[in-house]
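So the structure is just underneath, and the comments pick up after that.
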Amino acid sequence: MSAPFVSIRNLQNHEGKTVAVRGWLYNRRGSKKLHFLQVRDGTGIVQAVAVKGDDEELFERAGQSGQEASVVVTGSVKLDERAPGGVELKLTDFAEVGAAHDYPLGKKDHGPDFLLSHRHLWLRSRRPTATLRIRDTIIRAIRNHLYQEGFANVDAPMFTPNACEGTTTLFEVDYFDDTKAYLTQSGQLYMEAAALALGKVYCFGPAFRAEKSKTRKHLTEFWMLEPEMAYASLEDAMTLAESLLAAVVGRVLEENRTDLETLERDVSKLEAIVPPFPRIRYEEAAAILKDKTGFKFGDDFGAPDEAAITEGLDKPLLITHWPHEVKAFYMKRDPEDDRWALGVDVIAPEGFGEIVGGGERATDLAFLDSQLKAHDLPEEDFRWYLDLRRYGSVPHAGFGLGLERTVAWICGLQHIREAIPFPRLLHRIYP
RNA sequence: UGGGAUGUAGCCAAAUCGGUAAGGCGUCCGGCUGUUAACCGGAAGAUUGCAGGUUCAAGUCCUGCCGUCCCAGCCA
């Protein structure tokens, strides 16, 4: 009878038993008489120990495989203080499934260009696997939280006939014969339609921006969560963003301690993410910047401005009531002061910057019509959108949350390119 | 797109005032019975991004091109 297959994550539950681990050879150390085979399987890393005297033939075979060869190691599970992770396998059988020679990635010292060019292999390393496991937890926590809050998932189209917001640059694609289509930069307008059908909805998919950004906070393809709620206000959107972020961070703290450790993330910074989050108006934020960054009142906040505003804060900061000039055409104006748009940005602490942007949407048909004209947007493309105000318009609000920025923040990543499996950047579309 | 850096072996990286290419990882050979990115000894591996220029002499100085990184704008 062959040994049962066990995930490395669950090994400590099988002490004394003989089990098999299916994985890849992460590293091999040892001497003429002793091999330490470090095997990874996606759930963890364990070392298998082979002693020459025990079984000469097995010892010989086990010493042949190169780094990242796929292997099945069988052995008895031992708790041993000397083993990394405290558990190891005493090798009783070894099989190489697929050989690997001259694996390109070493165990240390690589530059970002080299690593990104080998992203398909880099994915196997400790940092990427830890990051991707946390990304998975974050996605799951988001969907769970929204499900519990009564949201329905309604996906938006990727091909769109126009610029959703009419601001940023779009990727253009041929759409049969002589029609052009664009890759979506946001599903929000479609979510507004869906919210008027289902009440509380969200979409969670890729978004595309053709801006030639070259910063550590931008990708040309990224994933965005966009909840939208009918009969809701700016306040409701803020409450949701706050509870969602707290739930997500809490879930990662529950499920990914080891991964956070691998990433050397300061966990105390995440444990501080407990509601309520501070809320200030644009005017107050601007006052903080006075004589600090050269910021001009009325402008949007730049990266240095955000850093200065959030300096010393240990929670995300919600900034509301923006000059309507810096926000999108569909933003509702503050009924008490027409200068302000009822928008909210959420700025993550520790300098990670904006992770959420949203607010309350304009409901008045005539107002939106004038906004389209003022922003020079083609009315025929937005006819359907105006219909939403023509037939049973209600107050509604929502926001967009950048998944990779959230992952980068929670994981403590210096660059957003590590927060997505295969980053698409200005000059990088391979692999 | 603008500003600033940078390009040396498969990878990381040093080289003073211009003086004739360190070291480490990996690979190969040898050693080690508990390693933790193991360690010790030995070997192979470089038209110093490309094209020109200055000089007795250029990795080093100059010009152009290319690549990459960082910062900014745009935003999630």
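Just so it is clear, the values below take in all heavy atoms, side chains as well, and ignore hydrogens, waters and symmetry mates. The model shown is predicted, which means the values in this text are computed figures rather than measured ones.
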Base paired to B/rA5 (Watson-Crick or G-U; both N/O distances under 3.5 angstrom): B/rU68
Watson-Crick/G-U partner (both atom distances under 3.5 Å) of B/rG18: none
For nucleotides 3-12 of chain B, tabulate all protein N/O to nucleotide N/O atom pairs closer than 3.5 Å, reporting atom names and distance.
residue : atom : partner  : partner atom : Å
B/rC11  : O2'  : A/Asp109 : O            : 2.6
B/rC11  : O2'  : A/His110 : ND1          : 2.5
B/rC12  : OP1  : A/Gly111 : N            : 2.9
B/rC12  : O4'  : A/Asp109 : O            : 3.0

Sugar-phosphate only, base, or nothing, as touched by A/Leu219 at under 4.0 Å among non-hydrogen atoms: base
C1'-based separation of B/rU48 from B/rU20 [nearest Å]: 13 Å
Distance below 4.0 Å between A/Lys52 side-chain N/O and B/rU33 OP1 or OP2: no
Carboxylate-amine/guanidinium proximity below 4.0 Å for A/Arg61 and A/Glu57: yes
Atom C1', compared across B/rG59 and B/rG19: separation rounded to whole Å: 13 Å
Separation between the P atoms of B/rG64 and B/rA76, rounded to whole Å: 39 Å
B/rA21 versus B/rA46 - spacing of their P atoms, nearest Å: 14 Å
CD1-CG distance between A/Ile309 and A/Asp345, expressed to the nearest 0.5 angstrom: 10.0 Å
Most 5' of A/Arg28 and A/Ser31 on RNA chain B, judged by nearest nucleotide: A/Ser31
Sub-6.0 Å ring centroid separation between A/Phe301 and A/Tyr282: yes
Presence of salt bridge, A/Glu418 and A/Arg119, under 4.0 angstrom: no
A/Phe222 ring over B/rA76 six-membered base ring, under 5.5 Å and 30°: yes
For atom CZ of A/Phe301 and atom P of B/rA72, their distance in whole Å: 16 Å
Short side-chain N/O contact from A/Arg417 to OP1 or OP2 of B/rU68, under 4.0 Å: no
Sugar-phosphate, base or nothing in reach of A/Thr215, heavy atoms under 4.0 Å: base
Listed nucleotide nearest any side-chain atom of A/His427, set B/rU68, B/rA76, B/rG34: B/rU68
Distance-only polar pair, side chains of A/Asp259 and A/Thr262, donor-acceptor under 3.5 Å: no
Whether A/Phe114 and A/His110 hold their rings parallel, tilted or perpendicular, with breakpoints at 30° and 60°: parallel
Touch class at under 4.0 angstrom, heavy-atom based, for A/His101 against every strand present: nothing
Student check: side-chain heavy atoms of A/Leu260 and A/Leu253 closer than 4.5 Å: yes
Residue A/Leu34, side-chain heavy atoms: nucleotide from B/rC71, B/rA76, B/rU33 that is nearest: B/rU33
Atom C1', compared across B/rA22 and B/rA14: separation rounded to whole Å: 6 Å
Atom C1', compared across B/rA9 and B/rA13: separation rounded to whole Å: 11 Å
Side-chain donor/acceptor contact of A/Arg405 with base of B/rC75 under 3.5 Å: yes
Same-atom distance (C1') from B/rU47 to B/rA58, integer angstrom: 14 Å
Heavy-atom donor-acceptor pair, A/Ser213 side-chain to B/rC75 base, under 3.5 Å: no
Below 4.0 Å: OP1/OP2 of B/rC74 and any side-chain N or O of A/Arg209: no
Presence of salt bridge, A/Lys269 and A/Glu264, under 4.0 angstrom: no
Atom pair distance, as rounded to whole Å: NZ in A/Lys33 and C1' in B/rG30: 14 Å
Sugar-phosphate, base or nothing in reach of A/Ile355, heavy atoms under 4.0 Å: sugar-phosphate
Pairwise distance CG(A/Asp266) to CD(A/Glu350) - rounded to 0.5 angstrom: 7.0 Å
A/Arg257, CZ: over 12 other non-hydrogen atoms inside 6.0 angstrom: yes
Sugar-phosphate only, base, or nothing, as touched by A/Gly53 at under 4.0 Å among non-hydrogen atoms: nothing
G-U wobble or Watson-Crick pairing nucleotide for B/rA51 (cut-off 3.5 Å, both distances): B/rU63
Check: A/Phe382 ring centre within less than 6.0 Å of A/Tyr330 ring centre: no
Distance, nearest 0.5 Å, that separates NZ of A/Lys78 from CD of A/Glu88: 5.0 Å
Touch class at under 4.0 angstrom, heavy-atom based, for A/Glu404 against every strand present: nothing
N or O in side chain of A/Lys32 less than 4.0 angstrom from B/rC32 OP1/OP2: no
Contact list for RNA chain B against residues 69-92 of chain A - heavy-atom distance below 4.0 Å: A/Lys78, A/Asp80, A/Arg82, A/Ala83, A/Pro84, A/Glu88
